[in-house]
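This structure is a prediction, so every number in the text was calculated from the model and none was measured.
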Amino acid sequence: MTDSTLDKTFDPAAIEAKWYAHWEANGLFRPERPDAQPYTIVNPPPNVTGSLHIGHALDNTLQDVVIRYERLRGKDALWVVGTDHAGIATQMVVERQFEASQDKRTNYTREAFIDKVWEWKHESGGTITGQLRRLGCSMDWSREQFTMDPHFTKAVVKVFVDLFNQGLIYRDKRLVNWDPALKTAISDLEVENRDVAGHMWHFKYPLASGESYTYIERDADGAVVFEEVRDYISIATTRPETMLGDGAVAVHPDDPRYAPIVGKLCEIPVGPKAQRRLIPIITDLYPDPDFGSGAVKITGAHDANDYDVARRNGIPMYRLMDEAAQMRADGAPYAEVSARAQAIAASGAFDPAEIDALNLVPEAYRGLDRYAARKAVIADIDAEGLMIAVEDKMIVQPFGDRGGVVIEPMLTDQWYVNAAELAKAPLDAVRTGAVEIVPKSWEKTFFNWMENIQPWCVSRQLWWGHQIPAWYADDGEIFVAEDEAAAQALAGDLKITRDEDVLDTWFSSALWPFATLGWPDDAELAKRHYPNDLLISGFDILFFWDARMMMMGQAMTGQNPWPRLYLHGLVRAPDGQKMSKSKGNVVDPLGLIDQFGADALRFFMAAMESQGRDIKMDERRVEGYRNFATKLWNAARFCQSNGIGASASLAAPAATSAVNKWIIGEVVETLATLDQAMADLRFDAAANAVYHFVWDQFCDWYIELIKGNFDAETKAVAGWVLDQILVMLHPFMPFVTEELWSKLGDRADYPLITAKWPEPGVGVDAAAKAEVDWLIALVGNLRTAKNELGINPGAKLDAFLPEPSAVTRGNIERNPAVIERLARLNGIRFEPAPAGAAMQIGAGDANIIVPLAGVIDIAAEKARLTKALESSTKEAKSLEGRLSNPAFAEKAKPEAVEKARADHALHQAEATRLAAALARLG
RNA sequence: GGGCGUAUAGCUCAGUGGUAGAGCACUAUGUUGACAUCGUAGGGGUCGCAAGUUCAAUCCUUGCUACGCCCACCA
């Protein structure tokens with residue numbers, strides 16, 4: 001018994017590691033429950049390179065609350081956990097390590113490098129999983145997953161092959177977002193568009209062979225406002241270096257200014273004079289006549305808009321840069337290439353492969369970085385007097401979200417997923433409600449994106465990742481198969497070589513809800529736990545991950561991965577800013593755990609999570625929840641010291657006293673609130689329900705009410721209530737509750753983590769509730785009055801109530817101990833008070849007179865009563881006004897009228913009582 | 001350019017068609033069989049602005065203002 005006695009203060013650090021190890025070692029995160037209803041969630045796999053940040057803490061707390069709740073409710077609760085191989089991030093980490101030792105990736109073969117990455121993973125890849133344990137997350141570590149596990153790779157390959165065979169994955173040459181720092185293609189989602197201060201240059205593109213035309217600008221009425229004979233067309237660009245690859249100049253077909261020169265040729269004003277190319281002036285709907293000069297240069301290979309225009313109009317697209325976004329240095333001399341390009345363009349028919357081989361960068365610029373080339377081009381044009389103007393301008397520039405470098409649109413061969421096709425089923429699922437997005441406001445965003453989805457580029461020019469299961473014959477023919485032998489079988493006698501590229505990391509994580517469950521081999525497990533029951537994720541990965549899981553889930557299993565998707569917000573810095581390392585405002589969740597305990601941090605996360613809103617970090621609030629844990633701890637300590645311990649029954653014990661009946665009723669109500677909140681995924685409401693029950697009901701009143709009366713019934717009820725508290729609170733504060741659970745009884749075989757959810761088996765006793773509410777009102781009103789009159793709160797006073805109602809009399813007679821100890825009254829006598837100064841206390845229908853001869857300041861008591869009377873009168877008057885309005889009686893809902901009448905009567909009675917009390921004082 | 005969200009007590013946030021709540025902070029206080037990481041009592045809000053609907057609006061509608069986020073190809 002002594003060793004289960006609770007210490008005076010609660011020390012989270014002393015128990016957290018102990019309980020976590022105990023749960024994990026005993027398999028309590030996934031108890032054997034073959035006959036129970038399964039409940040499954042999957043953890044958004046953190047990057048294997050990651051460490052726990054505050055966002056993980058929120059995300060995983062919410063999931064742990066859910067899974068612990070469902071486990072306590074008896075479900076076969078499975079929380080799948082694992083890490084993501086995170087292609088780019090991990091390769092970057094290892095390459096950075098190489099740099100530190102003057103080494104580099106290209107010193108190794110692909111195989112040797114991948115071995116190095118695995119080595120790194122085994123040594124350093126477990127940081128975050130250890131940190132999730134510190135947070136108390138009850139994941140099924142026995143089945144920990146990694147997206148590069150052999151069975152996962154098998155699933156990835158199968159999906160790729162199947163989708164390829166269905167025509168949903170294909171190889172295509174398109175303009176991709178090329179990251180010159182990482183030297184790989186990335187998807188649209190991985191591009192971050194930022195506003196940057198830039199320039200727009202206006203250049204003259206001279207018309208061929210000295211032609212000229214009259215350039216006329218008119219106002220809205222058609223009056224000429226400007227007229228000039230020109231031998232050039234004015235072109236604006238933010239990227240002069242791309243001029244070298246121009247294939248045409250486009251104007252709007254209805255733009256009268258350029259009508260005279262449509263179809264003519266103009267010269268790109270850069271490069272050796274004799275070898276400058278001539279390009280046609282064409283019409284296309286893309287140029288906006290009101291923007292810039294209304295004429296746009298078309299560089300199909302380095303601009304997404306131009307690419308479309310070039311494709312529509314059969315304009316050649318000349319690639320100018322290499323994989324590092326430096327101006328090409330390969331190929332034949334410029335003079336030769338330029339002439340060839342001119343000839344091809346004139347012929348109107350061209351072979352894209354030949355076009356791609358043409359390096360149209362003049363020797364002077366070859367090998368230059370794109371920005372150096374820009375400078376040089378500008379200087380050269382300016383020197384020739386062909387620059388019209390430079391304006392400063394904010395421009396939108398695409399940055400790679402990993403490499404941090406400006407993305408270069410590049411024309412390359414990549415693998416694509418037909419996302420538009422795969423998006424159909426998920427769109428339908430959300431529209432019909434088969435998948436519910438919580439909060440619902442995200443649906444519109446989801447639709448918006450899914451309805452306009454572009455082909456998903458899934459190939460990456462990296463080494464670390466799932467290598468694409470495609471093989472090529474020398475002539476370029478493609479064979480996609482599960483392995484080399486199968487590919488060779490398809491290829492017959494042809495010699496084949498495997499695609500060097502790997503798949504986008506999100507391609508594999510999109511399979512997470514079923515590939516982690518053994519799909520496609522382990523049909524049983526997958527069948528039992530797929531579809532999952534819920535997905536919780538931050539809204540920031542709605543497109544990256546959630547939507548793609550829906551696409552892949554439907555495509556590969558014909559089912560939605562889960563019926564419900566809960567999206568939470570971001571955890572922001574205390575000042576409301578986004579946390580970022582560069583701003584230095586990152587709050588470390590592990591530091592908070594060290595300081596306040598995991599339970600406090602978890603409770604903070606849950607209590608602050610109202611649907612959809614971002615959470616501002618507030619350490620003081622975390623501290624407050626640490627205090628809450630201590631409060632509970634001390635309440636339990638008090639109970640323990642009075643012989644109150646573990647309850648033997650799941651159902652509420654039989655109770656006869658109003659106080660005991662009342663607290664049982666409060667448990668019933670709290671439980672209902674909590675269950676409803678959990679069903680609605682209102683984590684804040686759920687946490688607050690328990691918080692207020694524990695602090696306001698149990699600690700502030702129940703414990704105070706039962707002090708001095710620890711009879712068998714009270715002990716049984718108190719023990720039961722405390723147990724229910726521990727169970728209800730456990731999903732939020734697993735550590736302190738488990739510790740108290742074990743200390744309050746010998747329950748080594750019945751740990752809290754797998755205990756049973758409350759089933760009180762009784763309802764709320766209205767009479768008991770009314771009685772306790774009356775006692776609380778009496779005590780409260782006495783305290784307030786004493787305080788306002790400056791009477792020592794501990795003073796024990798006499799009290800008189802000459803004509804009690806039957807109910808009040810019962811309340812008083814049944815609770816002598818409470819009236820004496822909490823109300824600090826020497827009982828309440830049912831007889832007239834002696835004459836003299838007294839304060840008067842209302843409670844329900846009673847006006848209790850408390851003589852204070854010699855002590856009381858009559859004026860102060862009068863002031864107090866007058867203030868209260870004014871307030872009652874004001875309320876009553878306001879209600880009276882409402883009731884006397886005929887329109888109210890006619891049109892308002894009957895309940896509202898009834899309520900107003902009742903409230904009015906109540907305030908009226910209170911006013912009458914107070915008026916009488918005042919009169920008594922003379 | 002489109003979409004979304006937020007504006008409620010000093011701060012951080014809940015909330016409801018019938019004139020508002022919590023935590024922290026603040027003020028006073030420390031007596032009662034756990035807890036000062038605490039107890040008791042108290043002060044504090046024309047619920048962003050304007051109009052409309054309604055018997056009644058902080059809550060519904062519209063407009064405005066401010067802030068935030070996401071998406072988007074104006075060279």
Side-chain angles (χ1 to χ4, degrees), chain A residues 6 8-10 188 193 200 235-239 242 250 286-288 290-299 303-309 395-396 409 439 441-442 444-445 447-449 452 539-540 542-543 569-570 572 574 576-578 596 600 607-608 610 612-618 620-621 623-642 682 684-685 688 691-692 699-700 703-704 707-708 710 780 783-788 790 792-796 820-822 824 875 878-879 882 885-893 895-897 899-900 903:
Chain A
L6 293 165
K8 193 173 173 194
T9 48
F10 163 52
D188 295 345
N193 290 306
M200 192 152 84
I235 302 290
T237 179
T238 55
R239 302 200 53 199
T242 65
Y286 165 62
D288 174 359
D290 296 327
F291 186 86
S293 68
V296 184
K297 67 187 210 56
I298 301 302
T299 319
D303 182 278
N305 295 311
D306 294 4
Y307 174 75
D308 290 336
V309 177
I395 53 174
V396 181
S441 53
W442 282 103
K444 208 158 185 174
T445 307
F447 289 143
N448 213 332
W449 188 68
N452 297 297
F539 63 69
D540 52 328
L542 172 60
F543 303 142
L570 250 51
R572 315 188 79 97
Q577 290 211 299
K578 224 165 154 171
F596 303 114
M608 295 306 288
S610 59
R613 263 176 97 123
D614 286 349
I615 294 176
K616 253 179 230 169
M617 195 58 231
D618 182 357
R620 310 204 64 158
R621 195 136 183 162
E623 184 183 5
Y625 291 126
R626 187 274 315 265
N627 297 352
F628 172 63
T630 304
K631 182 80 182 173
L632 172 70
W633 179 270
N634 279 298
R637 197 161 67 90
F638 174 75
C639 287
Q640 188 188 52
S641 69
N642 285 288
R682 287 303 306 242
D684 55 345
N688 287 328
Y691 180 94
H692 285 115
C699 292
D700 284 355
I703 287 185
E704 295 304 329
K707 274 179 182 170
F710 298 107
R783 284 173 177 165
T784 304
K786 279 179 163 177
N787 192 286
E788 287 184 4
N792 177 355
K796 223 159 177 194
E820 194 189 329
R821 228 197 40 264
L822 284 190
R824 310 286 303 160
E875 287 289 324
S878 154
L879 286 160
R882 194 186 303 164
N885 179 355
F888 177 66
E890 273 169 44
K891 299 189 181 174
K893 280 177 294 183
E895 308 93 85
V897 178
K899 173 123 192 330
D903 287 353

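- To the nearest whole angstrom, the two P atoms, one in B:rG52 and one in B:rU46, are 23 Å apart.
- Heavy atoms of A:Lys786 sit nowhere under 4.0 angstrom from any nucleic acid atom.
- Comparing B:rC64 with B:rA57, their P atoms are spaced 23 Å from each other, to the whole Å.
- Nucleic acid contact class of A:Tyr625 (heavy atoms, under 4.0 Å, all strands): none.
- A:Pro287 comes within 4.0 angstrom of a base, heavy atoms only.
- In this structure, the side-chain hydrogen bond (donor to acceptor under 3.5 Å, both in side chains) partners of A:Arg572, at least two apart in sequence or on a different chain, are A:Asp614.
- Counting any heavy atom pair closer than 4.0 Å across all strands shown, A:Lys444 reaches sugar-phosphate atoms only and no base atom.
- As judged by a 4.0 angstrom heavy-atom cut-off over every strand, A:Arg637 is placed among residues touching the sugar-phosphate backbone only.
- Across all strands, A:Asn885 comes closer than 4.0 Å only to sugar-phosphate atoms, never to a base (heavy-atom distances).
- Shown here are the side-chain hydrogen bond (donor to acceptor under 3.5 Å, both in side chains) partners of A:Arg637, two or more places apart in sequence or in another chain: A:Asn634.
- Contact record, A:Gly569 with A:Phe539: CA-CE2, 3.4 Å, taken as the closest heavy-atom pair.
- Mapping A:Gly780 and A:Ala635 onto RNA chain B by nearest heavy atom places A:Ala635 closer to the 5' end of the strand.
- A:Asn305 CG to A:Ile298 CD1: the interatomic distance, rounded to the nearest 0.5 Å, is 8.5 Å.
- Applying the salt bridge (Lys or Arg N to Asp or Glu O under 4.0 Å) criterion to A:Lys578, with sequence neighbours excluded, gives no partner residue.
- Taking the P atoms as reference points, B:rG3 lies 40 Å from B:rG23, given to the whole Å.
- Taking atom C1' on both nucleotides, B:rU8 is separated from B:rC49 by 15 Å, rounded to a whole Å.
- In this structure, A:Lys631 is not positioned above the aromatic face of A:Tyr691 in the sense of NZ or CZ being under 6.0 Å from the six-membered ring centre and within 45° of the axis.
- For the strand RNA chain B, secondary-structure stems (runs of at least three Watson-Crick or G-U pairs, all distances below 3.5 Å) span B:1-7 with B:65-71, B:10-13 with B:21-24, B:26-30 with B:38-42, B:48-52 with B:60-64.
- Using a 4.0 Å heavy-atom cutoff across all strands shown, A:Gly576 reaches no nucleic acid atom at all.
- Heavy atoms of A:Arg824 sit under 4.0 angstrom from at least one base atom.
- More than 12 heavy atoms of other shown residues, nucleotides or ligands fall within 6.0 angstrom of atom NZ in A:Lys796.
- Checked against side-chain hydrogen bond (donor to acceptor under 3.5 Å, both in side chains), A:Asp618 has no partners two or more places apart in sequence or in another chain.
- Distance noted for atom C1' between B:rC13 and B:rA9: 11 Å (whole Å).
- A distance of about 9 Å separates the C1' atoms of B:rG15 and B:rC59, rounded to the whole Å.
- Chain A approaches RNA chain B within less than 4.0 angstrom (heavy atoms of the protein), and the contacting nucleotides run 5' to 3' from B:rG3 to B:rA75.
- With rounding to the nearest 0.5 angstrom, the CG atom of A:Asn193 is 11.5 Å from the CD1 atom of A:Ile395.
- Annotation: the span from A:Ile235 atom CD1 to A:Lys297 atom NZ amounts to 8.5 Å, rounded to 0.5 Å.
- Spacing of P atoms, B:rC11 relative to B:rC4, comes out at 29 Å, to the nearest Å.
- The separation of B:rC47 from B:rA20, taken at their C1' atoms, amounts to 8 Å, rounded to a whole angstrom.
- Within 4.0 Å of A:Glu623, counting heavy atoms only, lies no atom of the nucleic acid at all.
- Using modelled atom types, one side-chain atom of A:Arg824 and one backbone atom of A:Gly794 make a donor-acceptor pair closer than 3.5 Å.
- A:Thr445 comes within contact range of no nucleotide atom at all, as no heavy-atom separation falls under 4.0 Å.
- Residue contacts shown for A:Arg621 include a base, since a base heavy atom lies under 4.0 Å away.
- Mapping A:Ser441 and A:Lys8 onto RNA chain B by nearest heavy atom places A:Ser441 closer to the 5' end of the strand.
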